[in-house]
Amino acid sequence: MTQLPFQITSTPLNTKDRPSSYLAEGAIINKHVQFRNTPKIERVQRFFQKWKQFPEVWNWYYLTLRKNGRYVEAEKLLDQTLEQFPDYVFAKSEKAKRLVSNGEIYAAIAIMGEEPDLLQMYPDKEIFHEGTVCIYYSFFVELEIARKNFKKADEYISQIENDERIEIRDHFVERYRMENREAQFLYQQEYERIPEYIQPKAPQGYTYKPFAHKEIEVLFNEIGLLEKEDIDAILALPRHTAIDDLLQIMYRSLTEDDYEEQHYNALIYAVWFLYAMQATESLELAKYLLQISEEQSIFFFGDVLIENTWFLYYMLLEKGETSLLDVLYKPNLSSHLKASLSEAMAQVALHHPERRSEVIAWFDKLLQFYIDNIENDDIADSTFIGLVEADLLNIKAIELLPKLKTLHEMQCVDEMMCGDYIEVERDMKSVGNRFNVEVKLTLPTIYELAEADKNFFQQQEQDDFHSFWKVPETYKREEPKIRRNDPCPCGSGKKFKKCCGK
């Protein structure tokens with residue numbers, strides 16, 4: 001383990017000039033202050049008046065006041081401590097932390113310095129107590145967290161963690177690493193940019209009309225898993241009219257005012273068949289699918305939309321239908337839906353290396369669009385850019401690092417996905433990927449999709465779970481069924497679909 005550049009001890013250093021009576025009583029007071037939520041003020045105050053010639057006693061009294069909520073008195077005592085003991089590290093660190101919490105960063109640095117250097121601050125000392133080292137470094141951790149330099153804060157935490165001479169380091173590391181993670185999360189929440197969704201108009205040229213084929217009408221109206229004979233029957237239908245019927249399923253599913261249970265697996269199956277038939281006729285409705293609401297997406301796809309749609313968009317892009325990309329320039333759309341198209345774009349580069357430069361040009365234009373519209377809240381979308389960044393890492397789009405750096409600096413990338421820019425740059429330039437997974441996805445057949453679907457539900461039934469897609473036949477409903485537009489039974493006054501039915 002790497003050690004800090006000075007001697008460290010866990011043995012108290014000031015016992016030689018402290019009376020034995022003080023040491024005995026002080027050990028009790030210290031334990032009382034450290035381990036009680038509200039130490040008794042009168043008890044600690046009496047001890048303070050008796051032994052105020054020693055700086056640590058001021059610190060115990062200060063902590064007692066703060067734990068009892070007497071912050072004004074505590075601040076005054078802290079200032080008095082520094083007047084009496086200007087080099088006392090606990091008082092200096094605590095005062096600097098208070099300044100940081102009030103946003104007075106430069107005033108705090110004036111007290112403690114820009115970076116930790118105990119030997120420079122105390123040139124006459126060669127050995128430091130572990131408590132002194134931890135309290136000293138805790139200031140610099142908090143300073144860097146306040147400055148949003150989370151990586152630097154973690155480096156200081158690691159310096160304490162890696163020095164085995166510090167016996168109390170586990171507590172220090174656990175506390176400040178947790179604070180660092182919480183700060184990063186809150187920072188991401190604060191700067192998260194997600195457009196407010198606005199429902200777009202349905203595509204023109206489609207109307208509700210009867211199905212030409214009974215097999216596809218059954219697919220729309222009846223619950224059930226796809227069997228091989230079902231797939232064979234639909235693929236054997238006349239291509240043009242079969243595609244029209246499958247597009248009718250998509251149109252009806254996506255434009256229903258309320259979503260019917262018996263239809264909710266038909267949309268996925270329609271997507272699968274249109275992909276299997278290489279139906280470029282699906283372009284306009286495929287675009288519209290990327291523009292539905294989160295509520296619709298969750299109802300039809302749960303959390304597997306990308307897994308069930310990316311290959312349709314891949315097929316369209318592979319066939320040159322690049323007008324799909326127009327969707328990514330539309331305002332007020334859902335982040336995760338658009339990611340299906342980003343995934344497909346990346347897969348084109350992985351499956352067709354000769355088209356890599358074309359794909360890079362697509363992404364380059366897209367990132368520049370977000371840079372140019374960074375102030376437009378209807379467009380700026382940190383979550384989507386984070387998802388795009390993950391796809392760019394998969395194809396090692398090192399050419400786009402400058403634009404990614406700009407977006408990170410503009411605080412328009414969700415760094416909870418791929419990390420900060422330093423981590424992204426490192427991963428982009430490294431061999432492989434940090435998760436050690438295959439990034440080139442296999443193009444599935446519709447038979448493989450149906451088999452995987454069947455296996456999933458069989459496993460669910462074996463685990464005694466209710467199927468996501470249908471209610472098992474053995475299930476007996478004891479209470480009346482609650483429809484999505486019924487009042488929510490929780491008593492909120494909202495519709496079920498807007499409350500507990502989300």
Side-chain angles (χ1 to χ4, degrees), residues 148 150-151 184-198 200 287 289-294 297 303 305-307 309-310 313 317 322 324-350 356 358-429 433-435 439:
K148 317 302 182 189
F150 304 115
K151 186 176 179 63
Q184 289 186 59
F185 176 75
L186 293 173
Y187 176 72
Q188 286 298 321
Q189 293 289 97
E190 180 182 354
Y191 288 101
E192 191 174 47
R193 303 282 297 278
I194 300 177
E196 181 179 355
Y197 176 77
I198 296 177
K287 286 183 182 180
L289 176 57
L290 295 172
Q291 302 173 60
I292 63 176
S293 68
E294 291 279 4
S297 170
D303 59 355
L305 182 135
I306 294 178
E307 293 89 332
T309 60
W310 74 268
Y313 296 110
L317 289 169
T322 54
L324 263 175
L325 301 176
D326 297 345
V327 174
L328 301 182
Y329 297 91
K330 293 179 179 291
N332 304 102
L333 296 181
S334 165
S335 307
H336 291 89
L337 288 158
K338 293 183 291 185
S340 294
L341 185 50
S342 177
E343 173 84 80
M345 290 165 66
Q347 289 302 314
V348 170
L350 292 168
R356 185 179 186 280
E358 176 189 348
V359 173
I360 294 295
W362 290 346
F363 279 115
D364 183 75
K365 182 181 177 183
L366 181 67
L367 296 182
Q368 187 60 52
F369 171 75
Y370 280 96
I371 291 171
D372 293 341
N373 290 275
I374 203 72
E375 299 300 328
N376 188 337
D377 288 339
D378 293 332
I379 293 173
D381 190 336
S382 59
T383 298
F384 176 61
I385 295 172
L387 292 166
V388 168
E389 188 170 63
D391 292 324
L392 294 177
L393 282 168
N394 286 342
I395 63 174
K396 297 295 183 182
I398 195 169
E399 304 95 324
L400 301 181
L401 278 174
K403 283 188 169 61
L404 291 176
K405 183 177 182 181
T406 298
L407 286 162
H408 277 274
E409 290 172 346
M410 289 177 163
Q411 299 174 342
C412 201
V413 183
D414 186 343
E415 294 184 346
M416 299 300 287
M417 295 185 184
C418 300
D420 60 22
Y421 177 74
I422 293 175
E423 293 175 285
V424 170
E425 182 181 33
R426 179 198 65 208
D427 290 348
M428 193 76 81
K429 294 179 179 179
N433 61 77
R434 74 172 83 171
F435 303 110
V439 297

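Keep in mind it's a predicted model, so treat the numbers as computed, not measured. In this chain, residues are counted from 1 in sequence order.
With hydrogens and angles ignored, the 3.5 Å screen pairs no side-chain donor or acceptor of Y313 with any backbone N or O of L341.
Put simply, the side chain of T383 reaches to within 4.5 Å of the side chain of M417, judged on heavy atoms. Within the 4.5 Å cutoff, side-chain heavy atoms of L324 are placed close to those of L317. Residues Q347 and W310 form a side-chain contact, since some pair of their non-hydrogen atoms from C-beta on lies under 4.5 Å apart. Between K287 and D326, the closest side-chain pair of non-hydrogen atoms falls below 4.5 Å. Two residues are said to be in side-chain contact when any heavy atoms from C-beta on lie closer than 4.5 Å; K365 and L325 fail this criterion. Counting only heavy atoms from C-beta outward, the side chains of S340 and I306 approach each other to under 4.5 Å. Counting heavy atoms from C-beta on, the side chains of L407 and I374 come closer than 4.5 Å. Annotation: side chain of L366 is in contact with side chain of F384 (closest heavy-atom distance under 4.5 Å).
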Before you tell me yes or no, could you show the steps for K403 and D364 under side chain to side chain contact (heavy atoms under 4.5 Å, CB included), namely the whole-Å CA-CA distance, both residues' side-chain angles and the distance that decides it to 0.1 Å? CA-CA 8 Å; K403 283 188 169 61; D364 183 75; 3.1 Å; yes

Step by step, work out the side chain to side chain contact (heavy atoms under 4.5 Å, CB included) result for F363 and I360. CA-CA 5 Å; F363 279 115; I360 294 295; 5.5 Å; no

Evaluation steps, side chain to side chain contact (heavy atoms under 4.5 Å, CB included), between C418 and L393: CA-CA 9 Å; C418 300; L393 282 168; 3.8 Å; yes

Could you please spell out the steps behind the side chain to side chain contact (heavy atoms under 4.5 Å, CB included) verdict for V413 and L404? CA-CA 8 Å; V413 183; L404 291 176; 5.8 Å; no

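Closest approach of L337 and S334 over heavy atoms only: CD1-CB, 3.4 Å. Here the shortest heavy-atom pairing between D391 and A339 reads OD2-O, 4.4 Å. Taking both residues in full, the closest heavy atoms of M428 and K396 are given as O-CD, 3.3 Å, listed atom of the first, atom of the second, then distance.
Here CG of N394 is found 11.0 Å from CG of D427. Values are rounded to the nearest 0.5 Å. To the nearest 0.5 angstrom, L328 atom CG is 10.5 Å from D381 atom CG. To the nearest 0.5 Å, atom CG of residue N332 and atom NZ of residue K330 are 11.5 Å apart. Residue I385 holds its CD1 atom at 7.5 Å from CG of L367, rounded to the nearest 0.5 Å. Separation of atoms CG (N373) and CG (D378) is listed at 10.0 Å; rounding is to 0.5 Å. Taking CD of E343 as the reference point, atom CE of M345 lies at 11.5 Å (rounded to 0.5 Å).
Heavy atoms of other residues, nucleotides or ligands lying less than 6.0 angstrom from CD of E196 number 12 at most. Taking a 6.0 Å sphere around NZ of K405, one finds it holds 12 or fewer heavy atoms contributed by other residues, nucleotides or ligands.
With 3.5 Å as the limit, one finds no donor-acceptor pair spanning the side chains of H408 and E425. D372 and Q368 form a side-chain donor-acceptor contact under 3.5 Å, judged by distance and modelled atom types alone.
Relative orientation of the Y329 and F369 rings is perpendicular, given thresholds of 30° and 60° on the angle between their planes.
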